[in-house]
Trainee: 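This is the structure I want to talk about, given as structure tokens.
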Amino acid sequence: MPPPRSSPEQSWGLLLRLAAPVAAYGAGAVFNHRDTARHPTRSAVIGLLAAAAGRDREYALDPFTDLPGTPGYHDLRLTIRADKPGTVHTDYHVTGGGYPRAMTLQTSAGKRRPPNRSALPTHRDYLHDAAFTIAVTGPTPLIETVARHLEQPRHAPYLGRRACLPDEPLLLRGPHTDPHHQLLHHAPLTLHRPPAPTAATVPVTFWWEQQPRPTTDAATEAEQLNDHPLDFTPHARSHASHTWWTTTEQLPLHLYPGPRPHPALADYLREQEPCTCSPPA
């Protein structure tokens, strides 16, 4: 994966909140087994942004020629905070059975499956009850455009599969001067269980696309995922491998608003000040 272009505007960004009863972030689906990664993939996030922009799959990754410097989604960097990691469940599907020969599933050779083998079982993994807060940074004109698309999406956003509808709010804050600082110090934290009464901080997993500067004594781990999109064209989809770095950050306890986070999220949205999006001198 080619690194996004460095820019003095790179620290500008926005915050997304990807939460849903079920989500699916495929990273290595093979034939009849559709897997999910343990966190939103780069491909899933960029696909969501392109859908909000109303872009067809064939042109989803084209640069924005109407913006200064012709930036594209490849110029964005993601940092993911795992508020609720969720749990992986596998759904057993059977499709194609019970139809007449003319309506059965097609084989790779273009022929119809015989009636006695028309049913095709599949296993589809889903991430249940997960919530992630994501900092998306990049060139200022692109961040402003992405924020407008998310506020008035052309196509309904979903988290990996069309049945996986996101919770509100989706756009949590943006554009903003320092979304990473918001992740670490201000954005409300949705936890799967309350922290211990005696705890002073909350350990939270982060995934970074750029190797992070150490903020704690926790070790930094790296993993490779085949989730950098090269082409979304149907029947020609392709992805490249790239690195995610993982850290555990100790976040302040006051970020946890209790078991019902939506009032705190609403307050956080109201606190947002208008941003002129002029890069610092």
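Residue indices begin at 1 and follow the sequence shown. Computation of the quantities below employed the complete heavy-atom set of this structure, encompassing side-chain atoms and omitting hydrogens, waters and symmetry-equivalent molecules.
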Trainee: Could you go step by step and tell me if F232 and Y59 meet the ring-ring contact (aromatic ring centres under 6.0 Å, His included) rule?
Mentor: CA-CA 8 Å; F232 281 138; Y59 312 106; over 10 Å; no

Trainee: What heavy-atom pair brings P203 and T248 nearest, and what distance separates the two atoms?
Mentor: CB-CG2, 3.9 Å

Trainee: Which atom names give the shortest non-hydrogen contact between P166 and Y158, and what distance separates them?
Mentor: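 Minimum heavy-atom contact is CD-CA, 4.0 Å.
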
Trainee: Could you tell me whether a side-chain N or O of R55 sits under 3.5 Å from a main-chain N or O of A60, the two making a donor and an acceptor?
Mentor: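 Between the backbone of A60 and the side chain of R55 there is a qualifying donor-acceptor contact (under 3.5 Å).
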
Trainee: Would you say that P175 contacts L14 through its side chain, given a criterion of any heavy-atom pair below 4.5 Å between the two side chains?
Mentor: no

Trainee: Please test V45 against F132 for side-chain contact (heavy atoms from CB on, under 4.5 Å), starting from the C-alpha separation and ending with a verdict.
Mentor: CA-CA 12 Å; V45 174; F132 302 92; over 6 Å; no

Trainee: Just so I know, are the side chains of T137 and I143 near enough to count as touching, which here means a heavy-atom distance under 4.5 Å?
Mentor: no

Trainee: Measuring only between side-chain heavy atoms, which start at C-beta, is R17 closer than 4.5 Å to L15?
Mentor: no

Trainee: To the nearest 0.5 angstrom, please state how far the CH2 atom of W12 sits from the NE2 atom of H176.
Mentor: 9.0 Å

Trainee: Is the backbone of T233 close enough, under 3.5 Å, to the side chain of D231 for a donor and an acceptor to pair up by distance?
Mentor: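 Checking the backbone N and O of T233 against the side chain of D231, a donor-acceptor pair under 3.5 Å is found.
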
Trainee: Indicate the atoms forming the closest heavy-atom contact of G86 with L127, along with that distance.
Mentor: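 It is C-CD1, 4.2 Å.
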
Trainee: Got P40 and I80 here, is their nearest side-chain heavy-atom distance under 4.5 Å?
Mentor: yes

Trainee: Once you measure the plane-to-plane angle for H89 and H128, does it fall in the parallel (<30°), tilted (30-60°) or perpendicular (>60°) bin?
Mentor: tilted

Trainee: Should the ring pair H39 and W244 be called parallel, tilted or perpendicular, given that the plane angle runs from 0 to 90° and is split at 30 and 60?
Mentor: perpendicular

Trainee: To the nearest 0.5 Å, what is the distance between NZ (K84) and CG (L189)?
Mentor: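 Going from the NZ atom of K84 to the CG atom of L189 covers 11.0 Å.
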
Trainee: Looking at CZ of R193 and OH of Y256, how far apart are the two atoms once the value is rounded to the nearest 0.5 Å?
Mentor: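 R193 CZ to Y256 OH: 10.5 Å, rounded to 0.5 Å.
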
Trainee: Less than 4.5 Å apart, any side-chain heavy atom of D129 and any of H192?
Mentor: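 No - every pair of side-chain heavy atoms lies 4.5 Å or more apart.
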
Trainee: Is L165 linked to L170 within one hydrophobic cluster, defined over Ile, Leu, Val, Met, Phe, Trp and Tyr using a side-chain heavy-atom separation of less than 4.5 Å?
Mentor: no

Trainee: Search all heavy atoms of P188 against all heavy atoms of A264 and return the closest pair with its distance.
Mentor: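 P188 and A264 have their closest heavy atoms at CG-O, 3.9 Å.
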
Trainee: Determine, stepwise, if the pair F206 / T79 fulfils side-chain contact (heavy atoms from CB on, under 4.5 Å).
Mentor: CA-CA 7 Å; F206 277 65; T79 302; 4.1 Å; yes

Trainee: Mark yes when over 12 heavy atoms from residues, nucleotides or ligands other than Q224 sit less than 6.0 Å from its CD; otherwise mark no.
Mentor: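 Above 12, so yes.
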
Trainee: How about R154 and H149: do any of their side-chain heavy atoms sit closer than 4.5 Å?
Mentor: no

Trainee: Given 3.5 Å as the limit, does a donor-acceptor pair link the side chain of T122 with the main chain of H33, or not?
Mentor: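 A pair under 3.5 Å: no.
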
Trainee: Which is it for Y25 and D227 under the side-chain contact (heavy atoms from CB on, under 4.5 Å) test, yes or no, and what are the steps along the way?
Mentor: CA-CA 9 Å; Y25 305 112; D227 70 335; over 6 Å; no

Trainee: Could you tell me whether the side chains of T90 and D125 share a donor-acceptor contact shorter than 3.5 Å?
Mentor: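 Yes, a side-chain donor-acceptor pair sits under 3.5 Å.
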
Trainee: Within the 4.5 Å heavy-atom criterion, are W245 and E221 side-chain neighbours or not?
Mentor: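 Side-chain contact under 4.5 Å: no.
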
Trainee: Of the non-hydrogen atoms in E151 and L171, which two are nearest, and what is the gap between them?
Mentor: CG-CD2, 3.7 Å

Trainee: Nearest 0.5 Å, what's the OG1-CG distance between T133 and L16?
Mentor: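 These two atoms lie 9.0 Å from each other.
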
Trainee: Is there a donor-acceptor contact under 3.5 Å from the side chain of R173 to the main chain of Y268?
Mentor: yes

Trainee: Between T41 and H239, is the side-chain contact (heavy atoms from CB on, under 4.5 Å) condition met? List the steps.
Mentor: CA-CA 11 Å; T41 59; H239 295 77; over 6 Å; no

Trainee: Can you give me the closest heavy-atom contact between V202 and L253, atom names plus distance?
Mentor: CG2-CD1, 3.6 Å

Trainee: If we ignore hydrogens and angles and just use 3.5 Å, is the side chain of R161 paired with the main-chain N or O of V22 as donor and acceptor?
Mentor: no

Trainee: Should T205 and T247 count as side-chain neighbours, where that means a heavy-atom distance under 4.5 Å?
Mentor: no

Trainee: With rounding to the nearest 0.5 Å, note down the distance linking NE2 in H123 to NE2 in H93.
Mentor: 10.0 Å

Trainee: Okay, side chain of Q182, backbone of A187: is any donor-acceptor separation there less than 3.5 Å?
Mentor: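 Side chain of Q182 to backbone of A187, a donor-acceptor pair under 3.5 Å: no, none is there.
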
Trainee: For H186, run the ring-ring contact (aromatic ring centres under 6.0 Å, His included) check against H180, H254, H181 and tell me which one passes.
Mentor: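 Only one option passes, and that is H181.
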
